[in-house]
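Please read the structure below before turning to the comments.
By convention in this document, chain letters (A, B, ...) are assigned in the order of the sequence lines, proteins followed by strands, and residues within each chain are numbered from 1. Atoms considered below: every heavy atom in the structure, side chains included; atoms not considered: hydrogens, waters and symmetry mates.
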Protein chains: 2
Amino acid sequence: MLNSRDLAILDILQRDSETPLAEVGARVHLSPSACSRRIAHLREAGYIKRNVAVIDRAKVGLPTTVFVTVSARTHSAAWTEQFRQAVAQIPEVMEVYRLTGSIDYLLRIVLPSVDDYDRVYKALVARIEMNVVCASIVMETVKSAESLPLHHAG
Amino acid sequence: MLNSRDLAILDILQRDSETPLAEVGARVHLSPSACSRRIAHLREAGYIKRNVAVIDRAKVGLPTTVFVTVSARTHSAAWTEQFRQAVAQIPEVMEVYRLTGSIDYLLRIVLPSVDDYDRVYKALVARIEMNVVCASIVMETVKSAESLPLHHAG
DNA sequence: AGTGAAAACGTGCGTAC
DNA sequence: GTACGCACGTTTTCACT
């Protein structure tokens with residue numbers, strides 16, 4: 001289980017994983033060595049999965065996001081599995097969610113430009129029969145939090 | 001500008017920012033010290049924004065995701081700015097995108113449970129008048145890439 | 001069991017070649 | 001680009017509560 005101090009440590013590390021233990025310790029009122037042990041425990045227990053570099057999408061030539069809503073042709077287990085494999089194979093498809101309601105799936109696709117969507121669309125429909133309900137291009141990212149609301153966790 | 005070696009380094013670091021320089025060097029056929037210089041440059045130039053810990057959402061008590069589609073009451077600059085501030089103030093609202101098409105905005109909301117959605121919904125409508133078109137609960141995360149398709153970048 | 005002080009360790013960085 | 005050495009931060013040990 002997690003106490004409030006563990007949550008505070010996680011909150012620091014999800015914003016900057018390179019924060020020196022001395023600073024982490026100062027912020028949660030703990031010694032650096034104690035922080036080191038806590039973090040090691042949080043890793044082993046799976047609360048921290050790994051550390052990653054956050055890359056500027058626009059700067060590396062991937063400024064465009066397209067959201068695609070899809071409904072299944074059939075709801076058979078075979079179709080579902082084939083769909084799962086299709087989206088797994090296409091790296092531009094970064095996230096796929098199965099939703100409640102009339103729309104079955106939501107896909108987030110990351111691309112160099114809107115022109116590339118056609119390529120990804122064709123790659124998708126070549127692998128699996130599906131009804132693309134709608135494709136919406138992201139005009140503006142109004143908010144992008146990148147850190148979990150840990151203070152509001154259960 | 002970025003060459004293919006820089007992209008390879010970014011690809012390694014976006015998967016695991018703790019990869020030792022010796023291993024990064026081995027994978028891109030470069031000495032550790034040369035890697036160190038490249039990475040420092042990638043940071044200064046803003047390609048790498050920062051390093052963060054990836055936290056297991058379910059384990060910290062935030063397993064639920066809700067996607068909400070919103071259309072604007074009016075399209076005035078004042079409404080837009082007020083909407084921007086409203087979503088900025090609510091930490092559970094992690095991402096907000098302005099989209100093409102009839103739906104104006106897409107919100108990704110992260111919560112302890114579906115029951116908490118009512119609380120966030122009320123917090124939103126208390127701050128800004130808007131038409132919530134639809135709220136869909138994520139039943140299953142079919143794919144979650146967490147790393148950019150750098151090999152397909154422009 | 002969990003803490004803090006201090007010593008040992010390892011990695012990354014700067015200088016020299 | 002390689003080799004060395006220093007410096008820093010992290011990790012471990014240990015005494016203690």
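- If you take NE2 of A/H41 and P of D/dT10, they are 20 Å apart, rounded to a whole angstrom.
- Between the CD atom of A/E23 and the C1' atom of D/dC8 there is a distance of 15 Å, given to the nearest Å.
- With sequence neighbours excluded, the residues satisfying side-chain hydrogen bond (donor to acceptor under 3.5 Å, both in side chains) with A/Q14 are A/D11.
- Here the C1' atom of nucleotide D/dG9 and the CD1 atom of A/I39 are 12 Å apart, to the nearest Å.
- When the C1' atom of C/dG10 is taken as reference, atom CD of B/E18 falls 14 Å away, rounded to whole Å.
- Atoms CG and CG, on A/L148 and A/L7 in that order, are 10.5 Å from each other to the nearest 0.5 Å.
- Between A/S36 and D/dT11, a side-chain N or O to OP1/OP2 separation shorter than 4.0 Å is present.
- One finds a side-chain N or O of A/R38 lying less than 4.0 angstrom from the OP1 or OP2 phosphate oxygen of C/dT3.
- A/S31 contributes no side-chain N or O that forms a donor-acceptor pair with the base of C/dA5 under 3.5 Å.
- Atom CG in B/L13 sits about 11 Å away from atom P in C/dG12, given to the nearest Å.
- What separates CZ of B/R37 from P of C/dC13 is a distance of 10 Å, to the nearest Å.
- Note on A/D6 versus A/R38: salt bridge recorded, some NZ/NE/NH1/NH2 to OD/OE distance being below 4.0 Å.
- Contact annotation: the side chain of B/F83 approaches that of B/V96 to within less than 4.5 Å [non-hydrogen atoms, C-beta and beyond].
- B/P20 comes within 4.0 angstrom of the backbone, heavy atoms only, and of no base.
- Residue-to-nucleotide proximity on DNA chain D shows that, of A/A22 and B/H29, the 5′-proximal contact is made by B/H29.
- Counting to the nearest Å, the P atom of D/dT2 and the CG atom of B/L21 are 14 Å from each other.
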